Amino acid sequence: MQLSEQEIIRREKLEKLQELGVNPYPANLFPVNHTSKQIKNDFEEGKQVIVAGRLMSSRIQGKASFATIQDSEGKIQLYINRDELCPGEDKELYNEIYKKLIDLGDIIGIEGELFTTQVGEKTVRVKGLTLLSKSLRPLPLPKTDAEGNVYDSFTDPELRYRMRYVDLVVNPINKDIFIKRTKLFSAMRNFFNEAGYMEVETPVLQAIPGGASARPFITHHNALDIPLYLRIANELYLKRLIVGGFDGVYEFSKNFRNEGMDRTHNPEFTAMEIYVAYKDYNWMMDFTERLLEHCAIAVNGTTEATFGEHKINFKAPYKRITMADSIKEFTGFDITGKTEDEIRAAALGMGIPVDETMGKGKLIDEIFGEKCEGNYIQPTFITDYPKEMSPLTKAHRDNPELTERFELMVCGKEIANAYSELNDPIDQRERFEAQMALADRGDDEAMFIDQDFLRALEYGMPPTSGLGIGMDRLIMFLTNNPSIQEVLFFPQMRPEKTAPSVELSDDEKIIIQILENNENKIELSSLKEQAALSGKKWDKAMKALASHNLTKVVTENEIKYVVYQH
């Protein structure tokens with residue numbers, strides 16, 4: 001592993017601490033009794049406190065210094081006086097350890113008393129300091145120029161997602177997203193529990209990837225010597241529990257779909273599904289409105305949320321429109337009674353790319369996706385889907401060509417999907433067989449036949465309504481984040497590029513050394529001046545380093561910087 005100059009220095013400090021008898025990673029309990037937030041909210045002059053956190057700033061001025069530590073709830077200022085912390089003969093030890101061997105990013109424990117500075121800052125006067133964890137890498141802390149402009153911030157999305165642990169330290173405001181995510185889950189769970197429904201768990205490894213139309217991830221169980229699939233949905237298992245006699249069950253499930261990645265899709269995502277016996281999709285629409293109104297208030301204190309340029313209001317009731325009427329409104333084409341060929345021709349006439357593998361349901365879905373769904377900004381229920389689009393849904397009571405299904409659209413995206421569940425085992429078998437016919441035509445998202453689920457239905461499932469909500473997408477809307485990667489602690493990333501093992505030329509080594517001395521980033525003109533290379537040598541060296549992914553040129557506020565990528 002190639003270390004930067006800063007990393008080498010920190011390792012040398014680590015060794016020096018150990019030589020002085022300081023354990024940089026002590027195992028003993030450190031009895032924290034206050035957080036930064038508690039200190040500020042319940043401040044009492046002279047109160048004794050024990051706090052801990054990461055050292056984020058330090059201003060050493062002779063025998064006294066001010067510093068700031070950051071814990072899980074914010075920051076608190078420290079005042080450190082050498083004579084108070086290390087009286088008598090320990091002064092030199094103080095100079096050696098605190099001034100020279102403690103770095104920004106180190107985690108320290110503090111014992112002290114509270115006081116207020118002359119400028120009114122609530123501060124801890126340090127009486128004892130314990131190193132709890134030595135940081136061997138420098139934090140990418142933002143810097144401020146003479147005019148007060150912040151630069152060199154840790155804002156690159158790919159780096160932030162890949163190193164979320166750093167992002168949360170240097171951009172603590174992003175913690176709020178995940179705090180709100182937890183509030184959403186808690187609010188939804190409480191809503192269901194108060195309604196009398198039970199939270200359950202179902203298998204992640206499944207012999208049949210059922211419950212949705214999606215491409216699964218495949219694995220292999222060595223002991224049983226059988227293929228298994230990571231679940232794409234938990235629907236069929238939850239319905240088995242309704243067959244077994246539960247009146248209402250729900251689950252927050254991790255699902256996996258081996259499909260594309262973009263700003264609204266991650267191959268691993270969290271869904272909530274709930275199934276309630278003796279209900280239909282009309283009841284579920286009312287239930288969903290009340291649920292989301294409750295959740296929005298729990299997360300943001302109001303039913304309103306901002307998403308980009310839009311103000312969304314989750315207050316019930318929501319608009320309702322059938323899929324056929326929606327398509328007719330935005331395209332002028334009425335899908336009612338049309339054949340597969342007629343719908344395919346209409347789609348092509350609208351400039352929508354379709355092919356022969358697509359059945360009637362997929363064609364209708366493409367038309368709606370391209371021409372309609374983006375128009376629904378406020379929460380809107382799209383209802384009564386064609387039967388071909390809904391193989392697990394009960395036929396509509398007034399029109400057998402349709403199903404009793406709705407999807408909830410917000411800002412042009414689906415966040416919920418619900419049915420009056422199909423409980424006729426003969427009809428369900430025919431729907432599965434139609435899906436297999438689509439698979440034979442090349443549709444790799446067609447559903448599998450789950451024989452055990454059919455057997456369960458043959459024992460009898462009461463009339464049931466089910467609802468599925470994409471939790472990641474919902475929290476995106478509630479926190480004004482257009483990218484799903486922002487609301488996942490650890491989103492799926494492409495493999496990290498690593499620098500190939502190459503022999504660098506002397507000219508290339510000069511550039512890398514200057515970059516490392518400047519904490520791996522420097523303005524392009526300054527680097528060129530410091531490298532003192534002729535035009536041709538400079539160009540050749542920069543091209544070589546870029547080709548090996550060792551450097552990149554970035555623009556910030558119209559100023560070009562060169563960044564060394566480890």
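None of these values were measured; they are calculated from a predicted model. Each residue takes its place number in the sequence, starting with 1. We use all heavy atoms of the structure for the numbers below, so side chains are in, but hydrogens, waters and symmetry mates are not.
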Check your understanding: For L478, does its backbone N or O pair with a side-chain atom of N300 as donor and acceptor, under 3.5 Å?
Key -> yes

Exercise for review: Look at the side chain of K371 and the backbone N and O of I327, then say whether any donor-acceptor pair between them is shorter than 3.5 Å.
Suggested key: no

Exercise for review: Fit a plane to each ring of F252 and F185, take the angle between them on a 0 to 90° scale, and name the class: parallel (under 30°), tilted (30 to 60°) or perpendicular (over 60°).
Suggested key: tilted

Check your understanding: How about Y250 and F192: are their ring centres within less than 6.0 Å of each other?
Key -> yes

Check your understanding: Are the aromatic ring centres of Y318 and Y376 under 6.0 angstrom apart?
Key -> no

Polar contact flag, side-chain donor to acceptor under 3.5 angstrom, [X]-[Y]:
X	Y	value
S465	D280	no
D262	T264	yes
T357	D355	yes
T393	R405	no

Review point. So does K362 pair up with D365, basic N to acidic O under 4.0 Å?
Key: no

Review point. Using 4.0 Å as the upper bound for N to carboxylate O, is an ion pair formed by D286 and R290?
Key: no

Check your understanding: Is the NZ or CZ atom of K413 positioned over F477's six-membered ring, under 6.0 angstrom from the centre and within 45° of the axis?
Key -> no

Exercise for review: Kindly confirm or rule out a cation-pi arrangement of R240 over Y237, judged by NZ or CZ under 6.0 Å from the six-membered ring centre and within 45° of its axis?
Suggested key: yes

Check your understanding: Is any side-chain heavy atom of I484 less than 4.5 Å from a side-chain heavy atom of P491?
Key -> no

